[in-house]
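To start, the structure under review is shown below, and the notes come after it.
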Amino acid sequence: MESSSLHSLFQLILAFVLIGAFLVVVALLFYEVFQWRQAIDNHNRSNLEAQMDILESQSSEHIEEIFLRLPEELAGVYLEEQQKERHQREQTIRNLPPPLDYDTYKTTTSITECAICLDEFGSGDLCRLLPLCKHIYHFECINQWLLEELTCPICRSPIVNP
């Protein structure tokens, strides 16, 4: 009976060793699967973070580009407004009475010099009389002035009724 109990004991020990080895293998498999999933998660997370970093840098570059272009865009709007104003001023100047020779005005005004260039009027000089305030200027002088300001250089009144 000793041999049979020894044999049973040996079978029992062998069964425990095999079951223990099986459990160790299963535990190692679970550990490897856990490590593998963690590596995949880390890889995906790092890919996601890298993609987010790229998006953030692209969006910040895009925002920087917008801010860098902003002065140009505003300058373009400003230039358009200036061109529109200049066109309106040119139209206003065209609608003024035509220039006449200074000799035409000599009898009706006491003004003898252009308040813009400070030169005296001479016979044959083309002059422009502003319709509201009746001040007189050299034609070229007042046209240059009116391209910047639609007021009389002397009295600052508007050159036409608003």
Side-chain angles (χ1 to χ4, degrees), residues 23-162:
L23 290 177
V24 167
V25 168
V26 168
L28 285 174
L29 281 174
F30 276 117
Y31 179 74
E32 285 299 317
V33 167
F34 174 76
Q35 290 291 332
W36 180 69
R37 290 201 60 178
Q38 205 170 23
I40 288 174
D41 287 346
N42 287 341
H43 178 72
N44 288 342
R45 190 174 304 117
S46 66
N47 274 350
L48 182 61
E49 288 172 357
Q51 289 174 355
M52 290 299 290
D53 288 344
I54 290 169
L55 285 176
E56 286 175 0
S57 69
Q58 285 177 343
S59 63
S60 67
E61 287 171 8
H62 183 68
I63 290 170
E64 284 178 29
E65 183 180 324
I66 289 171
F67 278 113
L68 290 174
R69 274 196 340 238
L70 189 60
E72 294 170 4
E73 304 264 336
L74 292 175
V77 170
Y78 179 71
L79 287 176
E80 286 177 19
E81 289 177 12
Q82 279 187 325
Q83 289 172 344
K84 190 184 290 184
E85 285 179 21
R86 184 171 180 95
H87 179 72
Q88 289 172 342
R89 290 169 193 239
E90 288 171 351
Q91 190 63 37
T92 302
I93 293 168
R94 275 190 229 103
N95 292 336
L96 289 173
L100 297 174
D101 187 283
Y102 175 70
D103 293 334
T104 310
Y105 298 115
K106 198 188 291 188
T107 58
T108 59
T109 185
S110 62
I111 300 173
T112 59
E113 70 177 23
C114 175
I116 296 172
C117 70
L118 303 177
D119 284 345
E120 290 202 12
F121 296 116
S123 183
D125 286 350
L126 277 180
C127 296
R128 173 165 269 160
L129 180 72
L130 296 182
L132 297 179
C133 64
K134 306 296 186 207
H135 288 123
I136 188 172
Y137 303 94
H138 286 120
F139 178 69
E140 290 298 320
C141 296
I142 194 61
N143 282 357
Q144 284 300 109
W145 173 272
L146 294 175
L147 285 174
E148 298 299 321
E149 295 289 331
L150 289 176
T151 59
C152 173
I154 295 175
C155 65
R156 301 288 189 202
S157 64
I159 61 164
V160 291
N161 284 326

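Positions are given from 1 along the sequence.
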Does any non-hydrogen side-chain atom of Lys84 lie less than 4.5 Å from one of His87?
no
Between the SG atom in Cys114 and the CD atom in Glu140, the distance rounded to the nearest 0.5 Å is 11.0 Å
Output, in order, the C-alpha distance, side-chain angles, deciding distance and verdict of side-chain contact (heavy atoms from CB on, under 4.5 Å) for Leu146 and Thr92.
CA-CA 9 Å; Leu146 294 175; Thr92 302; over 6 Å; no
Would Ile154 and Tyr137 count as a side-chain contact (heavy atoms from CB on, under 4.5 Å) here? Give the steps.
CA-CA 10 Å; Ile154 295 175; Tyr137 303 94; 3.2 Å; yes
Rounded to the nearest 0.5 Å, what's the gap from SG on Cys152 to CG on Leu130? Could you check?
5.5 Å
Residue that, paired with Ile159, satisfies side chain to side chain contact (heavy atoms under 4.5 Å, CB included) out of Ile142, Leu96, Asn95, Leu132:
Leu96
Just do the side-chain contact (heavy atoms from CB on, under 4.5 Å) check on Tyr102 and Leu126 with the steps written out, would you?
CA-CA 6 Å; Tyr102 175 70; Leu126 277 180; over 6 Å; no
Qualifying residue, where the test is side chain to side chain donor-acceptor pair (under 3.5 Å) with His138 and the options are Asp119, Asn143, Asp125
Asp125
Measuring from atom CD1 of Ile93 to atom CZ of Phe139, what distance do you get when rounded to the nearest 0.5 angstrom?
8.5 Å
Of all heavy-atom pairs between Asp101 and Gly124, which one has the smallest distance, and what is that distance?
OD2-CA, 2.8 Å
So, Gln83 and Arg86: side-chain donor and acceptor under 3.5 Å apart, yes or no?
no
Say you draw a straight line from SG of Cys155 to NZ of Lys134; how long is it, rounded to the nearest 0.5 Å?
12.0 Å
Does Trp145 use its side chain to pair, donor to acceptor, with the backbone of Thr151 at less than 3.5 Å?
yes
dist Thr104:OG1 -> Ile136:CD1 (nearest 0.5 Å) comes out at 8.5 Å
Sub-4.5 Å side-chain heavy-atom contact between Cys127 and Phe121
yes
Keeping the roles fixed (side chain from Thr109, backbone from Tyr105), state whether a donor-acceptor pair exists under 3.5 Å.
no
Closest contact, heavy atoms only, Arg128 versus Pro98:
NH2-CA, 4.4 Å
Candidate pair Arg89 and Leu150, rule side-chain contact (heavy atoms from CB on, under 4.5 Å), full reasoning
CA-CA 7 Å; Arg89 290 169 193 239; Leu150 289 176; 3.8 Å; yes
